[in-house]
*Asks:* 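The following block contains the structure, expressed as structure tokens.
Please read all numbers here as calculations on a predicted model, not as lab measurements. Along the sequence shown, residues are numbered consecutively beginning with 1.
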Amino acid sequence: MSVLDTTAVRLKETGAGAPTLVCLAFCGGGTATFHDWIPALPDGAGLVAVCYPGREGRFAEEFARTWEELAADAAAGVAAVAGQGPYVLFGHSMGGWMAFDVTVRLAAAGAPPPRALVVSACNAPDRGVTDRDRFLDRGQRDEELLGWMSTHGLLPEHVLEEPELTEMAVELMRADLAARDTFAHTPGARTGVPLQVFSGDADPVIGEDVGPRWAALTDGPFRHDVLPGGHFYTPQVWRGLPARITSLTAGAAAPAPAPSVSAPSVSAASASALSVSAAPRGTAAP
């Protein structure tokens, strides 16, 4: 099966000339999280969610063990969508760092850039993984991880009632946390695409300097929206989040020009990972 079948999972078709919202999930997350966003999308806008290894349609594959593995895999999925038309790249929590990293990788490889980059509920990546970012830790007990996921509505009731499913959920979470903990920001990495940042006014994970630090990582237009609620905002805000993405809702008739980007060079192997599916290896979250 192709990358577009397994990694870049289309949840809503894109109308002629409209952009596609491409979503990268948080630790322990999958594509199901974004199904509820379909009613909030502007007319014509499509929706694609990137499926990380080891879950859903990629259940038979091993989890990515490092950030590099996970980012190369995600970049391959996004690149496959980028070749089909204009898109906006979104990432929540760990997915925000992933979206930034993927944008830099795509630029270095000469792939089409997103019309805009949208990051949600994450501190700027330039100081690496801090204690604040480790609000969930792989060393926590199963009950603690499950409690956090349940509190934030990330585990359906039927999963909590099945020990085998809860065990899988914890395994997935621990694998993603382990990959997150290997993240290291590349000094000088930045982007030139428009950048929109969302943060919750009651999210203890987010530092007070989140706006200025993210603004310093782009040469393009910048916007920071502070929303009601915690790490996943309020349920109402979360369900309607696509309607707050300005690059989807206002004046999006043409793709953004290719950005001026300062990015680290990539090896030939890394560049090729943007256009081909990662080989098979082997289910919420910061």
Side-chain angles (χ1 to χ4, degrees), residues 1-15 18-42 44-59 61 63-64 70-103 105-106 114-122 149 152-156 159 169 172-173 175-176 179-180 196 198 231-233 238-245 247-248 274 277-278 283-286:
M1 298 181 73
S2 71
V3 171
L4 287 171
D5 294 321
T6 59
T7 303
V9 180
R10 183 164 291 278
L11 306 180
K12 180 179 180 291
E13 293 296 327
T14 305
T20 298
L21 178 61
V22 182
C23 300
L24 293 160
F26 40 85
C27 283
T31 66
T33 301
F34 302 105
H35 279 271
D36 290 344
W37 282 12
I38 293 174
L41 289 167
L47 181 62
V48 167
V50 172
C51 180
Y52 301 141
R55 68 210 73 192
E56 298 178 355
R58 304 181 69 187
F59 178 77
E61 301 179 40
F63 299 120
L70 191 60
D73 185 272
V78 175
V81 181
Q84 296 185 328
Y87 68 103
V88 173
L89 188 57
F90 171 91
H92 183 81
S93 199
M94 179 194 77
W97 287 5
M98 186 60 68
F100 176 81
D101 191 337
V102 167
T103 299
R105 288 168 185 258
L106 293 178
R115 173 175 287 169
L117 172 63
V118 185
V119 298
S120 171
C122 56
M149 289 187 275
H152 288 80
L154 305 177
L155 286 179
V159 173
L172 188 159
M173 175 65 81
D176 285 356
R180 177 207 64 185
Q196 183 174 11
F198 294 126
H231 199 59
F232 285 86
Y233 315 114
W238 176 258
R239 287 192 300 270
L241 204 59
R244 299 175 182 268
I245 297 176
S247 49
L248 286 179
L274 300 181
S277 175
T283 165

*Asks:* Counting N and O atoms only, with roles assigned by atom type, does the side chain of Glu56 sit under 3.5 Å from a partner on the main chain of Thr31, one being a donor and the other an acceptor?
*Replies:* yes
*Asks:* So how far is it from Phe26 CZ to Met173 CE, rounded to the nearest 0.5 Å?
*Replies:* 8.0 Å
*Asks:* Tell me, with the steps shown, if Thr6 and Cys51 meet side chain to side chain contact (heavy atoms under 4.5 Å, CB included).
*Replies:* CA-CA 7 Å; Thr6 59; Cys51 180; over 6 Å; no
*Asks:* For Ala18 and Gly44, work out which heavy atoms get closest and say how close.
*Replies:* CB-O, 3.3 Å
*Asks:* Between Pro114 and Val22, is there a side-chain heavy-atom distance shorter than 4.5 Å?
*Replies:* no
*Asks:* So do Cys122 and Met94 actually touch side chain to side chain, heavy atoms under 4.5 Å?
*Replies:* no
*Asks:* Indicate the atoms forming the closest heavy-atom contact of Ala64 with Ala179, along with that distance.
*Replies:* O-CB, 4.0 Å
*Asks:* Of the non-hydrogen atoms in Ala8 and Val81, which two are nearest, and what is the gap between them?
*Replies:* CB-CG2, 3.6 Å
*Asks:* On a heavy-atom basis, which atom in Ala25 and which in Tyr52 lie closest, and how many Å separate them?
*Replies:* O-OH, 2.8 Å
*Asks:* From Met98 CE over to Thr103 OG1, what is the distance, rounded to the nearest 0.5 angstrom?
*Replies:* 11.5 Å
*Asks:* Indicate yes or no: at least one non-hydrogen side-chain atom of Leu241 is less than 4.5 angstrom from one of Phe90.
*Replies:* yes
*Asks:* Scan the side chains in residues 32-41 for donor-acceptor partners under 3.5 Å anywhere in the protein, sequence neighbours excluded, and list what turns up.
*Replies:*
{"unit_1": "Trp37", "atom_1": "NE1", "unit_2": "Trp238", "atom_2": "O", "d": "3.0"}

*Asks:* Evaluate the side-chain proximity of Leu248 to Pro19: yes if any heavy-atom separation is below 4.5 Å, no if none is.
*Replies:* yes
*Asks:* Using the test side-chain contact (heavy atoms from CB on, under 4.5 Å), find all partners of Ala175 that sit at least two apart in sequence or belong to another chain.
*Replies:* Phe63
*Asks:* Output all residues satisfying side chain to side chain donor-acceptor pair (under 3.5 Å) with Tyr233, sequence neighbours left out; order by chain, then residue number.
*Replies:* Ser120
*Asks:* Identify the two heavy atoms, one from Cys23 and one from Leu47, that lie closest to each other, and give their separation to 0.1 Å.
*Replies:* SG-CD1, 3.8 Å
*Asks:* When you look at Gln84 and Val48, which way does the side chain to side chain contact (heavy atoms under 4.5 Å, CB included) test go after all the steps?
*Replies:* CA-CA 12 Å; Gln84 296 185 328; Val48 167; over 6 Å; no
*Asks:* Can you list every salt bridge (Lys or Arg N to Asp or Glu O under 4.0 Å) pair that touches residues 80-102, not counting sequence neighbours?
*Replies:* Asp101-Arg105
*Asks:* Checking side-chain polar atoms at under 3.5 Å, does Gln196 have a donor or acceptor matched by the opposite partner on Ser247?
*Replies:* no
*Asks:* Looking at side-chain heavy atoms only, is the closest gap between Leu70 and Pro53 below 4.5 Å?
*Replies:* yes
*Asks:* Would you name the heavy atoms of Ala74 and Val102 that are closest together and state the gap between them?
*Replies:* CB-CG2, 4.1 Å
*Asks:* Using atom types as modelled and distance alone, determine if a side-chain donor or acceptor of His92 lies under 3.5 Å from a backbone N or O of His231.
*Replies:* yes
*Asks:* I'd like to check Lys12 versus Leu21 (side-chain heavy atoms, cut-off strictly below 4.5 Å). Are they in contact?
*Replies:* no
*Asks:* Can you sort out the partners of Asp176 under side chain to side chain donor-acceptor pair (under 3.5 Å), two or more places apart, ordered by chain and number?
*Replies:* Arg55
*Asks:* Listed by chain and number, what are the ring pair (Phe, Tyr, Trp, His ring centres under 6.0 Å) partners of Phe198, not counting sequence neighbours?
*Replies:* none
